[in-house]
Visitor: 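Below are the structure tokens for one structure; questions will follow.
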Protein chains: 2
Amino acid sequence: MDLRTLRYFVAVAEELHFGRAAARLHMTQPPLSRAIKQLETDLGCELLRRSPTGVALTPAGAALLDEARTLLARAEQARARVVAAAGTATLTIGTLADSAELAGTRLAAAYRHHHPGVDVRVREADFTDPTAGLRAGLVDVALTRSPFDDTGLVTHVLRSDPVAAVLRSDDPLAGRDSLRLQDLADRRWFRFPEGVDPIWRAFWAGPSGRDHDGPVVRTAHECQQAVLWNGSVGLMPHGHHPLPEGLTAVLLADMPPSHLVVAWRGADPGPLIRSFIRIAVSVHRPARGASAEAAAL
Amino acid sequence: MDLRTLRYFVAVAEELHFGRAAARLHMTQPPLSRAIKQLETDLGCELLRRSPTGVALTPAGAALLDEARTLLARAEQARARVVAAAGTATLTIGTLADSAELAGTRLAAAYRHHHPGVDVRVREADFTDPTAGLRAGLVDVALTRSPFDDTGLVTHVLRSDPVAAVLRSDDPLAGRDSLRLQDLADRRWFRFPEGVDPIWRAFWAGPSGRDHDGPVVRTAHECQQAVLWNGSVGLMPHGHHPLPEGLTAVLLADMPPSHLVVAWRGADPGPLIRSFIRIAVSVHRPARGASAEAAAL
DNA sequence: CGGCAACGATACCGGTCCGGTATCGAGGGC
DNA sequence: GCCCTCGATACCGGACCGGTATCGTTGCCG
């Protein structure tokens with residue numbers, strides 16, 4: 001008799017309909033039927049009377065519905081009290097470029113919902129520091145993009161995105177399905193400020209070895225502006241971000257994908273950070289490429 | 001946060017020692033450590049301070065210890081109330097021969113412990129009915145021995161035992177490691193009463209086709225007495241039962257094993273009986289030959 | 001009265017989690 | 001300095017969970 005099964009039972013007992021209860025629980029009907037049957041086996045008594053016309057509560061089922069409701073409420077209280085006893089905690093998330101959108105919406109919402117007592121702060125970094133303040137100790141955990149120098153850090157890939165070139169929609173190449181870096185060799189390229197991680201620069205700053213004379217950009221937004229107004233070439237991960245009017249993204253066929261990662265300083269991240277990592281991974285279910293670190297939390 | 005994990009935490013918090021807590025929980029230390037760590041991740045706060053000198057509770061841990069104790073107690077109460085609301089239930093177990101010993105000790109004890117409110121009755125049958133009253137509707141579930149006519153019944157093997165001949169200890173064959181049926185061909189064989197299941201008779205009553213003139217036996221005890229006082233040959237499962245003074249069991253090499261089974265009438269056994277089957281299987285862990293019916297409960 | 005729709009039960013499959021064994025690593029004690 | 005204790009980690013096999021596909025029964029309706 002665990003709390004999960006009790007939640008299942010409450011749903012069925014309230015709906016008096018396995019299918020609707022399953023929908024309410026965001027699952028399908030067969031495992032729910034099985035779980036209720038196991039609960040009945042465990043308790044040793046019938047909880048629901050199934051008849052073709054519908055489902056009815058037995059006396060034992062009615063009793064369990066009442067007990068389970070209070071028990072689940074108590075469990076919630078207990079959780080809240082324990083977290084309160086732990087004192088106010090703060091988690092600072094560093095974000096970079098497009099990961100800010102992720103952190104600001106689903107992920108931060110899910111995390112705040114899971115840990116109501118935690119003070120969650122988000123710090124947006126620019127390209128100057130691809131670790132988004134992680135290495136500098138300004139944040140506890142970072143949502144950022146590969147590649148960067150990750151010595152001393154642990155990273156876990158949330159998603160892999162192909163890289164696209166950002167062009168003005170009136171660009172002759174804007175209609176193409178995909179491009180190669182060569183196709184853009186004669187364009188102006190933006191530049192990164194001094195002091196940017198060389199690994200990051202080598203990946204994102206276009207063909208190395210060339211003289212770059214384009215505008216200096218510090219954020220994804222500045223990068224887009226540079227394309228619009230200076231005719232520079234921009235690079236960005238493909239497929240997840242709406243572009244402003246007048247810009248078009250075209251897949252770059254000969255660049256390796258960029259990884260959206262969650263990163264933390266090694267050596268026992270602590271429960272708050274572990275929980276953040278776990279939630280980040282679960283929110284990002286589509287990326288099934290689970291790696292070792294996240295499995296170990 | 002489920003009840004199982006809370007039980008784990010209470011054990012560790014009370015012992016302040018992972019190894020001892022694991023022993024108390026009848027498990028080993030590594031999964032316990034992992035479970036506590038996951039609980040900390042889930043709650044998002046540290047519960048225990050591990051130091052080389054020992055384990056200490058953090059404030060949050062102390063709070064959880066208190067909350068978990070009351071929560072677990074509530075859960076126990078809830079369980080008791082639900083089964084009480086179900087009304088008094090009765091489970092009648094039929095036993096045959098040596099299965100009575102099993103039913104009367106570990107299994108019935110485990111079942112009564114799991115379902116304190118259930119009125120458990122045990123009915124011992126004799127060889128006249130190998131289903132131990134199951135087919136006659138006298139019992140809800142039977143612990144018995146194969147082989148017998150099981151049409152309409154579902155059986156699950158708990159254990160397989162080789163068959164032994166029971167001899168007087170002063171018998172010339174009593175010292176042998178094993179025998180064949182032929183070695184006993186010239187002995188007197190006991191007889192079963194009229195009306196015994198023919199499948200059962202064919203297996204246990206010795207070489208068929210011979211004239212049997214030995215004593216009529218109805219129980220395993222009578223069978224042993226027949227050996228002691230009438231010089232008849234007895235058969236019994238080997239290896240689990242102490243023999244009375246003066247008797248020796250010798251393995252019969254050319255007989256198929258006999259199965260100790262739990263049997264019930266098909267078509268939805270009902271929660272009480274399902275629970276009994278589950279407990280019977282789990283008590284009998286050594287027999288790993290899990291079959292389909294028991295998996296489905 | 002026969003097809004149909006609804007609904008819970010069952011069969012089966014793949015992924016995850018749990019508990020086990022073996023081993024590591026860090027701190028005290030002799 | 002060596003060992004011994006104790007919690008953490010790595011890894012593995014089996015169980016459990018949730019999913020899809022399908023069945024059996026029942027009541028309804030043309």
Side-chain angles (χ1 to χ4, degrees), chain A residues 2-5 7-8 11-13 15-42 46-56 154 266-271 274 278 281-282 285 287-297, chain B residues 2-5 7-8 11-13 15-23 25-42 46-56 154 266-271 274 278 281-282 285 288-297:
Chain A
D2 63 323
L3 297 176
R4 181 181 52 87
T5 312
R7 266 182 277 272
Y8 288 3
V12 176
E15 299 284 347
L16 290 178
H17 187 290
F18 279 78
R20 280 194 295 274
R24 196 170 114 183
L25 294 165
H26 306 294
M27 62 190 291
T28 53
Q29 170 257 326
L32 181 58
S33 287
R34 188 177 40 181
I36 300 297
K37 186 170 186 175
Q38 282 170 348
L39 180 61
E40 287 176 316
T41 302
D42 176 50
E46 208 178 20
L47 298 170
L48 299 168
R49 184 66 48 100
R50 288 88 156 164
S51 80
T53 72
V55 176
V154 184
D268 186 20
R274 286 204 307 271
R278 162 175 286 193
V281 171
S282 71
R285 270 288 170 241
R288 287 297 178 113
S291 85
E293 308 88 89
L297 268 199
Chain B
D2 64 322
L3 297 177
R4 181 181 52 85
T5 312
R7 266 183 278 272
Y8 288 2
V12 176
E15 300 284 345
L16 289 177
H17 187 290
F18 279 78
R20 280 194 295 276
L25 294 164
H26 306 295
M27 63 189 293
T28 53
Q29 170 258 324
L32 181 58
S33 286
R34 188 177 39 183
I36 299 297
K37 186 171 185 175
Q38 281 171 348
L39 180 61
E40 287 177 316
T41 301
D42 176 49
E46 206 178 21
L47 299 170
L48 298 168
R49 185 65 49 98
R50 288 89 156 167
S51 81
T53 74
V55 176
V154 184
D268 186 21
R274 285 205 307 271
R278 162 174 287 194
V281 171
S282 72
R285 272 285 169 244
R288 285 299 178 110
S291 86
E293 308 89 86
L297 268 199

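The chains referred to below are lettered A, B, ... by the order of the sequence lines, with proteins before strands, and numbering in each begins at 1.
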Visitor: Please assess A:H17 against A:R24 for the test side chain to side chain contact (heavy atoms under 4.5 Å, CB included), listing each intermediate value before the final yes or no.
Guide: CA-CA 11 Å; A:H17 187 290; A:R24 196 170 114 183; over 6 Å; no
Visitor: Write down the distance between CG (B:L32) and P (C:dC17), rounded to a whole number of angstrom.
Guide: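 The distance from CG of B:L32 to P of C:dC17 comes to 18 Å, rounded to the nearest Å.
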Visitor: With the side chain of B:H17 defined as its heavy atoms from C-beta on, choose the nearest nucleotide among D:dG19, C:dA9, D:dG7.
Guide: D:dG7
Visitor: Would a distance-only check, ignoring hydrogens and angles, find a side-chain to backbone donor-acceptor pair under 3.5 Å from A:Q29 to A:G19?
Guide: no
Visitor: Please determine, for the side chain of A:P30, which listed nucleotide (C:dA22, D:dA21, D:dG7) has the closest atom?
Guide: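 Among the listed nucleotides, the one closest to the side chain of A:P30 is D:dA21.
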Visitor: For C:dG8 and A:K37 - does any side-chain N or O of the residue sit under 4.0 Å from the phosphate oxygens OP1/OP2?
Guide: no
Visitor: Within the pair B:S33 and D:dA8, is there a side-chain N or O less than 4.0 Å away from OP1 or OP2?
Guide: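 So the side chain of B:S33 is within the cut-off, an N or O lying under 4.0 Å from OP1 or OP2 of D:dA8.
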Visitor: What do the steps show when you test A:Y8 against A:L39 for side chain to side chain contact (heavy atoms under 4.5 Å, CB included), and what is the final call?
Guide: CA-CA 10 Å; A:Y8 288 3; A:L39 180 61; over 6 Å; no
Visitor: Where the side chain of B:E40 meets the backbone of A:R274, is there a donor-acceptor pair that is under 3.5 Å apart?
Guide: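 No; judged by distance alone, with no hydrogens or angles, the pair does not exist.
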Visitor: Considering heavy-atom distances to DNA chain D, does A:T53 or A:R4 have its closest nucleotide positioned more toward the 5' end?
Guide: A:R4
Visitor: Students often get this wrong, so: under 4.0 angstrom with heavy atoms, is B:T28 touching a base, only sugar-phosphate, or nothing?
Guide: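 Counting heavy atoms under 4.0 Å across all strands, the contact made by B:T28 includes a base.
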Visitor: Compare side-chain N and O positions of A:R34 against OP1 and OP2 of D:dG18 and report whether any pair is under 4.0 Å apart.
Guide: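 False: A:R34 side-chain N/O out of range (4.0 Å or more) of D:dG18 OP1/OP2.
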Visitor: Nearest-Å distance, CD (B:E46) to P (D:dA8)?
Guide: 11 Å
Visitor: Write down the distance between CZ (A:R278) and P (C:dC17), rounded to a whole number of angstrom.
Guide: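 After rounding, the reported distance stands at 7 Å.
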Visitor: Check whether any side-chain nitrogen or oxygen of B:Y8 sits under 4.0 Å from OP1 or OP2 of C:dG19, and answer yes or no.
Guide: yes
Visitor: Between P on C:dA9 and CZ on B:R274, what's the gap in Å once rounded to a whole number?
Guide: 10 Å
Visitor: Rounded to the Å, how far apart are B:R20 CZ and D:dT5 P?
Guide: 13 Å
Visitor: Once you round it to whole Å, what is the distance between P of D:dC17 and CG of A:D42?
Guide: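 Those two atoms, CG and P, are 12 Å apart.
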Visitor: Measure from the side chain of B:Q38, starting at C-beta and using heavy atoms only, and say which of D:dG7, C:dC18, C:dG8 lies closest.
Guide: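 So the nucleotide nearest the side chain must be C:dC18.
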Visitor: Which distance, rounded to the nearest 0.5 Å, do you find between the CG of A:D2 and the OG1 of B:T5?
Guide: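 The OG1 atom of B:T5 is 9.0 Å from CG of A:D2, to the nearest 0.5 Å.
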Visitor: Using whole Å, report how far CZ of B:F18 lies from P of D:dG7.
Guide: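 Between P of D:dG7 and CZ of B:F18: 6 Å.
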Visitor: Nearest whole Å is fine: how far is D:dA8 P from B:Q29 CD?
Guide: 7 Å
